[in-house]
2 protein chains.
Amino acid sequence: MAEGTEDAARPDRRPRHASILDVAALAGVSPSTVSRSLRGHETVAAATRRRVAEAARELAYTVSPHASGLASGRTLSVGVVVPFVTRWFYANAVAGAHDALREAGFDVLLYHLGDAAARDRFFDRMPLARRVDAVLTLSLPLTDEHTLALRALDMPLVTLGARLDGVSSVRVDDVAAARNAVRHLLHQGHRDIVMITTRQDDEGFGFVAGPDRVQGYRQALAAAGLDARGDVVEAGTYGIEGGAEAMARIMERPRLPTAVLAEYDEVAIGAVRTLRRSSVPVPGRISVVGIDDHEMASVLDLTTVAQPVREQGAIAARLLLDQLDGGAAGPVDVVVPTRLVVRSSTGPPQGA
Amino acid sequence: MAEGTEDAARPDRRPRHASILDVAALAGVSPSTVSRSLRGHETVAAATRRRVAEAARELAYTVSPHASGLASGRTLSVGVVVPFVTRWFYANAVAGAHDALREAGFDVLLYHLGDAAARDRFFDRMPLARRVDAVLTLSLPLTDEHTLALRALDMPLVTLGARLDGVSSVRVDDVAAARNAVRHLLHQGHRDIVMITTRQDDEGFGFVAGPDRVQGYRQALAAAGLDARGDVVEAGTYGIEGGAEAMARIMERPRLPTAVLAEYDEVAIGAVRTLRRSSVPVPGRISVVGIDDHEMASVLDLTTVAQPVREQGAIAARLLLDQLDGGAAGPVDVVVPTRLVVRSSTGPPQGA
DNA sequence: CTGAAAGCGCTAACAA
DNA sequence: TTGTTAGCGCTTTCAG
């Protein structure tokens with residue numbers, strides 16, 4: 001078989017990418033030198049490096065991640081595992097992490113665990129095994145089994161918006177966030193404050209910060225000398241619809257509370273929708289406060305406790321990269337600050 | 001060197017994954033049989049298949065995607081390229097595509113091209129080259145250069161929300177969508193209808209459906225015997241803030257229009273925010289209609305033209321998978337239906 | 001500073 | 001139906 005066989009002779013094959021051998025040949029060096037040179041490795045003579053770079057450009061050479069990964073054991077990609085990409089919080093966290101990771105030269109494999117089927121498939125096949133160098137999980141409520149599977153991967157792991165023993169994490173202080181929201185209401189004179197939480201789904205797969213926020217709510221009540229049990233209404237579903245439905249139930253009561261704390265902004269938004277449709281003035285009759293500072297909070301003039309989501313994604317990525325660099329003395333727990341944003345969905349209670 | 005060297009003897013190595021050889025040994029067959037068997041390939045004796053499966057389970061074996069990819073030339077992953085994951089439309093489209101792709105056994109590599117730096121890096125390094133088997137681009141306004149780079153990949157390609165010569169696509173009829181929105185306003189008696197569009201960013205990287213929607217707006221006007229140029233206001237930025245800002249400019253006019261068509265719901269939402277803050281009644285004084293049926297549209301009671309986003313993502317994934325299966329006679333252009341959703345942000349003009 | 005050689009862990013003809 | 005034999009395209013000791 002003649003070496004000179006032209007492309008025309010193998011019409012069915014994908015047009016072959018230039019390989020490291022082609023670059024080596026063109027640059028007049030060995031493949032190993034090309035490899036080293038292209039990765040800025042070791043000491044490669046400047047002149048050589050230049051020749052290699054030029055040859056690579058000329059041939060539009062890109063390394064094969066598979067070949068490289070197989071040979072080196074590094075994949076240059078990280079897995080980002082998220083329960084719902086479509087929700088504001090997650091989408092922003094993913095964006096923040098993605099940008100930081102790509103900038104560092106890593107690819108991002110997205111694993112969206114929106115439904116039970118996807119979840120099961122994920123945790124029992126563990127598709128991450130040799131596919132990524134590190135894993136970032138976003139606010140995933142993990143069972144012991146899940147946790148085990150993740151640890152078994154034995155690779156750098158960071159959680160965002162949740163804590164896991166011995167694992168680095170980035171989050172806000174959810175207890176404090178809720179406490180501050182309630183304190184704001186208390187300062188305005190509210191004494192009858194209901195909290196709306198959302199239910200985790202059948203597999204216990206809900207928003208992981210809920211319990212902490214409930215705790216913060218209760219702490220604030222207790223500190224004000226009120227009944228520390230509070231008045232927690234659990235919505236039957238999550239998000240806007242959950243908030244709307246829970247608020248509807250609250251409105252069936254003979255006596256309305258003067259204020260409502262929602263577990264997160266989407267819930268608050270749903271609650272506001274219900275109130276509006278029933279022509280209950282906000283904050284005239286009922287004040288509503290959320291947590292997150294969702295992009296729609298400003299549109300609805302919702303008072304909320306803001307947390308920097310995209311930044312948390314970026315920080316999480318950074319932690320991951322640090323671990324990959326071999327740094328990292330031990331797991332760290334980065335707690336980023338939140339801040340009360342007062343808008344016009346809260347005000348003094350009627351008659352105050 | 002003894003073959004029996006125990007793990008303890010290489011304490012620094014990552015705990016080695018079982019390899020196909022281990023499985024083969026345990027099952028008492030050759031590696032190729034394991035390979036075939038595990039992929040449900042060809043005719044492998046049922047008994048053998050069972051033994052292999054058991055051995056694999058016992059050793060918690062997972063194929064190395066890199067090794068497999070290198071050997072077979074298939075990566076079992078697809079690249080999803082999106083301008084902004086954080087926006088409702090894209091997040092939902094990504095979710096839809098992701099779920100369908102994962103279900104088919106493909107991994108999803110996310111490329112978020114949010115800023116110019118990410119964009120440039122992407123198009124000139126083309127990180128997709130040997131990394132994925134197919135590419136899905138979401139509403140990406142592509143320059144000729146971009147298009148060329150994408151085509152040079154020479155792999156299955158599908159676009160969502162945009163068309164590209166010779167490439168399969170999934171989208172709505174944006175011209176018709178806008179036309180219907182305007183028709184609704186015309187039916188209500190409006191004659192003075194402004195359209196707000198958003199600007200593409202400096203690199204021309206904006207929402208790609210804009211021009212079609214403007215065209216639909218103009219067609220509807222023309223059909224009603226009105227000035228077909230219409231009255232188009234271009235916002236200085238995109239999304240909610242763009243809509244808010246454009247609406248503010250419109251309000252400086254001596255005479256307000258009676259209705260506004262926003263290029264998409266987020267723009268409409270921004271416009272509504274401005275109107276509310278200025279206490280201009282909607283729809284009493286000005287009607288507002290959007291396009292998309294963003295999840296917040298119901299909260300704000302926004303009349304809009306709904307499009308099924310998640311479904312489009314799923315359809316796009318399906319097209320990609322079909323192409324990978326070698327099917328696909330030629331490029332197809334799937335146009336999914338839209339539907340006017342009348343809520344209370346539109347109504348007859350004052351005095352009508 | 002550079003090259004030669006030996007894999008990384010699979011898959012895919014080709015035999016048997 | 002299964003096994004044997006070559007690679008896939010890199011990286012990485014180890015020599016030089």
Side-chain angles (χ1 to χ4, degrees), chain A residues 1 10 12-53 55-56 59-77 105 129-131 133, chain B residues 1 10 12-53 55-56 59-77 105 129-131 133:
Chain A
M1 202 50 72
R10 45 174 180 65
D12 286 339
R13 292 268 199 81
R14 279 290 180 69
R16 203 163 61 84
H17 284 275
S19 90
I20 200 171
L21 271 60
D22 300 317
V23 178
L26 183 57
V29 297
S30 74
S32 3
T33 299
V34 174
S35 175
R36 285 189 281 252
S37 181
L38 255 25
R39 281 174 300 144
H41 230 292
E42 329 220 337
T43 38
V44 175
T48 309
R49 184 186 304 271
R50 202 166 13 257
R51 291 220 312 288
V52 168
L59 299 172
Y61 172 73
T62 339
V63 314
S64 154
H66 285 313
S68 165
L70 184 55
S72 69
R74 273 172 265 103
T75 66
L76 287 183
S77 57
R130 290 137 117 167
R131 199 128 191 36
D133 293 334
Chain B
M1 201 50 71
R10 45 175 181 65
D12 286 340
R13 292 266 199 82
R14 278 290 182 71
R16 201 163 61 85
H17 283 277
S19 89
I20 201 170
L21 271 61
D22 301 317
V23 178
L26 183 57
V29 296
S30 74
S32 5
T33 298
V34 174
S35 175
R36 284 188 284 250
S37 181
L38 255 26
R39 282 174 300 145
H41 231 290
E42 327 220 340
T43 39
V44 175
T48 310
R49 186 187 302 272
R50 202 167 14 256
R51 291 221 311 288
V52 169
L59 299 172
Y61 171 73
T62 340
V63 314
S64 155
H66 285 314
S68 166
L70 183 55
S72 70
R74 272 173 267 103
T75 67
L76 288 183
S77 57
R130 291 137 115 166
R131 198 126 189 41
D133 293 333

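The sequence lines fix the lettering, A, B, ..., with proteins before strands; numbering per chain opens at 1.
Phosphate contact (OP1/OP2 of D/dG3, side-chain N/O of B/S30, threshold under 4.0 Å): present. Between A/S68 and D/dT11 there is a side-chain polar atom (N or O) within less than 4.0 angstrom of OP1 or OP2. Contact annotation: A/T48 does not reach the phosphate of C/dC1 (side-chain N/O to OP1 or OP2, under 4.0 Å).
No donor-acceptor pair under 3.5 Å is formed between the side chain of B/R49 and the backbone N or O of B/A45. Side chain of A/R74 to main chain of A/G69: no donor-acceptor pair is present (N/O by atom type, distance under 3.5 Å, no hydrogens or angles).
Across the protein-nucleic acid pair, A/R130 atom CZ and C/dC10 atom C1' stand 9 Å apart, rounded to whole Å. In this structure, the CG atom of A/L70 is 17 Å from the P atom of D/dG7, given to the nearest Å. As a whole-Å value, the separation of B/H66 NE2 from D/dC8 C1' is 14 Å. One can place CZ of A/R51 at 14 Å from C1' of C/dG3, the figure rounded to the nearest angstrom. With rounding to whole Å, B/R49 atom CZ is found 13 Å from D/dT2 atom C1'. When the P atom of D/dT5 is taken as reference, atom CG of B/L21 falls 14 Å away, rounded to whole Å. Going from atom CG of A/L38 over to atom P of D/dG9 covers 16 Å, rounded to whole Å. D/dT1 atom C1' lies 15 Å from atom CZ of B/R50, rounded to whole Å.
Using a 4.5 Å heavy-atom threshold, the side chains of B/P65 and B/L76 count as separate. Using a 4.5 Å heavy-atom cutoff, the side chains of B/S37 and B/V34 are not in contact. No side-chain heavy atom of B/I20 sits less than 4.5 Å from a side-chain heavy atom of B/V63. Using a 4.5 Å cut-off on side-chain heavy atoms (C-beta onward), B/S77 and B/D133 make no contact. Two residues are said to be in side-chain contact when any heavy atoms from C-beta on lie closer than 4.5 Å; B/T75 and B/R130 fail this criterion.
Pairs passing the side-chain hydrogen bond (donor to acceptor under 3.5 Å, both in side chains) check and including a residue from residues 59-68 of chain A, sequence neighbours excluded, read A/H66-B/H66.
Residue A/T62 is in sugar-phosphate contact alone, with no base atom involved, counting any heavy-atom pair closer than 4.0 Å across all strands shown.
Considering only side-chain atoms of A/A45, the nucleotide from C/dC1, D/dT1, D/dC10 that sits closest is C/dC1. Set against C/dT11, C/dG3, D/dT2, the side chain of B/I20 has C/dT11 as its closest nucleotide.
A/S30 and A/T33 share a side-chain donor-acceptor pair at under 3.5 Å.
Axis orientation changes by 30° from one end of the helix from C/dC1-D/dG16 to C/dA16-D/dT1 to the other, with each end axis drawn from 5 pairs and the value rounded to 10°.
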Atom pairs, protein N/O to nucleotides 12-16 of chain C N/O, distance under 3.5 Å:
| from | atom 1 | to | atom 2 | distance (Å) |
| --- | --- | --- | --- | --- |
| C/dA12 | OP1 | B/R74 | NH2 | 2.7 |
| C/dA12 | OP2 | B/R39 | NH1 | 3.2 |
| C/dA12 | N6 | B/S32 | OG | 3.4 |

